[in-house]
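What follows is a short report on a single structure.
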Amino acid sequence: SIEQHDLNLEPIELKKVQLSKGFIDLKLQNPIATKVIFTITLPGVTKDGVTFQKSFNAPSGTNANPGVVQATVDISGYFMDLTGVTNGQFNLLQSMFTVQTDPLGPTITLTNQDVTKIDATFRDLKLGYARGYFGDQIISDTTETTISALNKIVAGSVDFPASSLKFTISNGLKIPAKATLTLIHNENANGSTVPMTVTGQSPFQFGQPFDLDPATGTWNSLVSSSKTIEFNGSNSNLEQYLENLGAKQKIGYSIHLNPWGNSSAGWNEIFSTSRLTVSIDAEMPLSIGLDGLTVRDTFDFDVKQNTEKTHVVSGELVLFATNAFPMSGEVTLNLLDANGNLLYTVAGSDKLQSSLYGNTVSGSGLQTCKSTIHYVLTEDMVNHLESIKKVSVTAKFDTPNPTTGSSQQVLISEGAFLGVKMKGAFKIENRY
């Protein structure tokens with residue numbers, strides 16, 4: 001006879017699923033004194049219209065020492081009807097088992113003590129499709145991401161012009177939902193945190209849910225519904241948020257599935273392409289203002305120096321730069337020991353000049369400025385080259401007005417670049 005097995009998925013009520021991946025691990029035990037043939041049929045479980053059915057031979061055995069056969073069955077690609085024998089229920093897997101003694105075996109006697117056992121374990125199930133009611137559920141999380149380059153900014157400020165930031169939440173599930181953005185904030189390298197806030201002009205408010213319609217279509221025509229929330233200088237503190245240069249970005253959200261209960265009468269659907277996604281689109285004019293923006297990075301350094309043999313006695317590093325960006329910078333080298341302690345500071349002989357102080361290159365139309373910056377190593381530095389294990393490069397950038405010298409917002413030209421080359425000039429002493 002057909003048995004029904006409740007999969008215990010409450011509050012989810014599945015009626016039909018298709019497995020893109022899955023296995024059944026079987027253990028069959030035979031207490032009979034002859035070989036038997038186990039045939040397992042799963043009514044409602046089909047692939048290409050054919051019902052699942054497998055047969056296995058188990059060796060003879062006794063109640064104390066049954067014959068055992070173990071097997072793994074691949075059920076990837078199968079459809080499962082979970083509506084039961086009546087076709088009106090849910091979460092019910094049907095099965096039917098038959099046990100046949102060996103047609104060529106000996107005559108045997110069976111008693112009510114002879115019990116065959118079948119253990120079946122589903123493993124590594126992955127759904128390609130599911131239909132039913134997925135319950136009144138809330139999924140919430142706070143996700144964090146880091147923009148590592150911003151961690152190198154240690155001082156100064158940036159002035160951005162009018163910008164906008166759009167969050168688009170897309171629902172690729174055929175399930176009605178409500179979504180809530182609970183927080184958006186960032187934290188910069190100095191520990192300063194700026195939360196995103198909105199003004200009365202914004203139709204959106206943090207902590208207030210908004211509707212997400214179900215997706216439409218089917219297997220090859222699924223169309224997600226979406227909701228876009230725009231932050232700009234009129235309805236939020238977006239400019240302050242961006243100018244904090246936060247490397248750590250945190251977003252808190254929640255998704256409420258089926259907030260009105262089983263309103264689809266059991267016709268929630270998900271497909272292999274179904275996704276809940278959040279995308280972020282920033283629109284910023286190619287213009288920027290920098291005032292003492294300080295960027296710092298550290299590199300390993302290792303030079304062998306033996307004053308008893310051939311060694312360096314003096315020298316300098318020379319930086320050649322061609323700058324097509326309208327920003328200038330003071331670049332300083334800090335020489336550190338293995339523990340990061342400062343040994344020496346080497347200031348440059350000049351600034352990295354803004355392109356606004358240069359000339360326009362024919363052909364490209366870009367305005368560029370060339371700079372040559374010398375970093376002279378003193379005799380004491382040279383004598384202690386072996387102690388220098390790291391070089392910390394600190395660059396302080398401004399966008400100066402060529403007339404007044406004060407920082408201003410500047411336009412960034414298409415194709416702007418910064419080309420640099422470092423050369424060393426050293427005096428060597430030979431000792432024999």
Nearest 0.5 Å, please: how far is NZ in Lys54 from CD1 in Ile75? 11.0 Å

Within this structure, what is the CD1-CD1 distance for the pair Ile255 and Ile138, rounded to the nearest 0.5 Å? 10.5 Å

Quick one: closest heavy-atom pair of [X] and [Y], and the distance?
| X | Y | answer |
| --- | --- | --- |
| Val410 | Pro326 | CG2-CG, 3.5 Å |
| Ala71 | Phe56 | CB-CE2, 3.7 Å |
| Ala120 | Ile24 | CB-CG2, 4.0 Å |
| Glu230 | Asn235 | O-ND2, 3.0 Å |

Take atom [atom1] of [X] as the centre, draw a 6.0 Å sphere, and report whether it contains more than 12 heavy atoms from other residues, nucleotides or ligands.
| X | atom1 | result |
| --- | --- | --- |
| Asp302 | CG | yes |
| Asn341 | CG | yes |
| Glu10 | CD | yes |
| Lys117 | NZ | no |
| Lys174 | NZ | yes |
| Lys227 | NZ | no |

Would you say [X]'s side chain and [Y]'s backbone share a donor-acceptor pair under 3.5 angstrom?
| X | Y | answer |
| --- | --- | --- |
| Thr46 | Gly49 | no |
| Asp141 | Thr143 | no |
| Asn323 | Met327 | yes |
| Asp398 | Gly292 | yes |
| Ser371 | Gln353 | yes |

Is it true that the side chains of [X] and [Y] contain a donor and an acceptor less than 3.5 Å apart?
| X | Y | result |
| --- | --- | --- |
| Thr83 | Asp81 | yes |
| Thr182 | Thr180 | no |
| Gln18 | Tyr78 | no |
| Ser192 | Asn244 | yes |
| Asn334 | Tyr344 | no |
| Asp136 | His256 | yes |
| Thr368 | Thr322 | no |
| Asn171 | Ser224 | no |
| Asn91 | Asn8 | no |
| Thr72 | Asp25 | yes |
| Asp74 | Ser76 | yes |
| Thr394 | Thr332 | no |
| Ser355 | Gln367 | no |

Does a salt bridge link [X] with [Y], judged by any charged N lying under 4.0 Å from a carboxylate O?
| X | Y | result |
| --- | --- | --- |
| Lys250 | Glu144 | yes |
| Asp211 | Lys178 | yes |
| Lys390 | Asp300 | yes |

Using a 4.5 Å cut-off on heavy atoms from C-beta on, say whether the side chain of [Y] contacts that of [X].
| X | Y | answer |
| --- | --- | --- |
| Asp119 | Leu26 | no |
| Asp281 | Glu283 | yes |
| Phe397 | Asp291 | no |

Is the Tyr133 to Phe90 ring centre distance short of 6.0 Å? no

When the ring centroid of Phe23 is compared with that of Phe122, is the distance short of 6.0 Å? no

Single hit among Asn186, Leu181, Leu165, Leu242 for side-chain contact (heavy atoms from CB on, under 4.5 Å) with Met196: Leu165

Parallel, tilted or perpendicular: rings of Trp219 and Phe271 (30°, 60°): perpendicular

Less than 6.0 angstrom from the centroid, inside 45 degrees of the normal: does Lys166 satisfy that with respect to the ring of Phe231? no

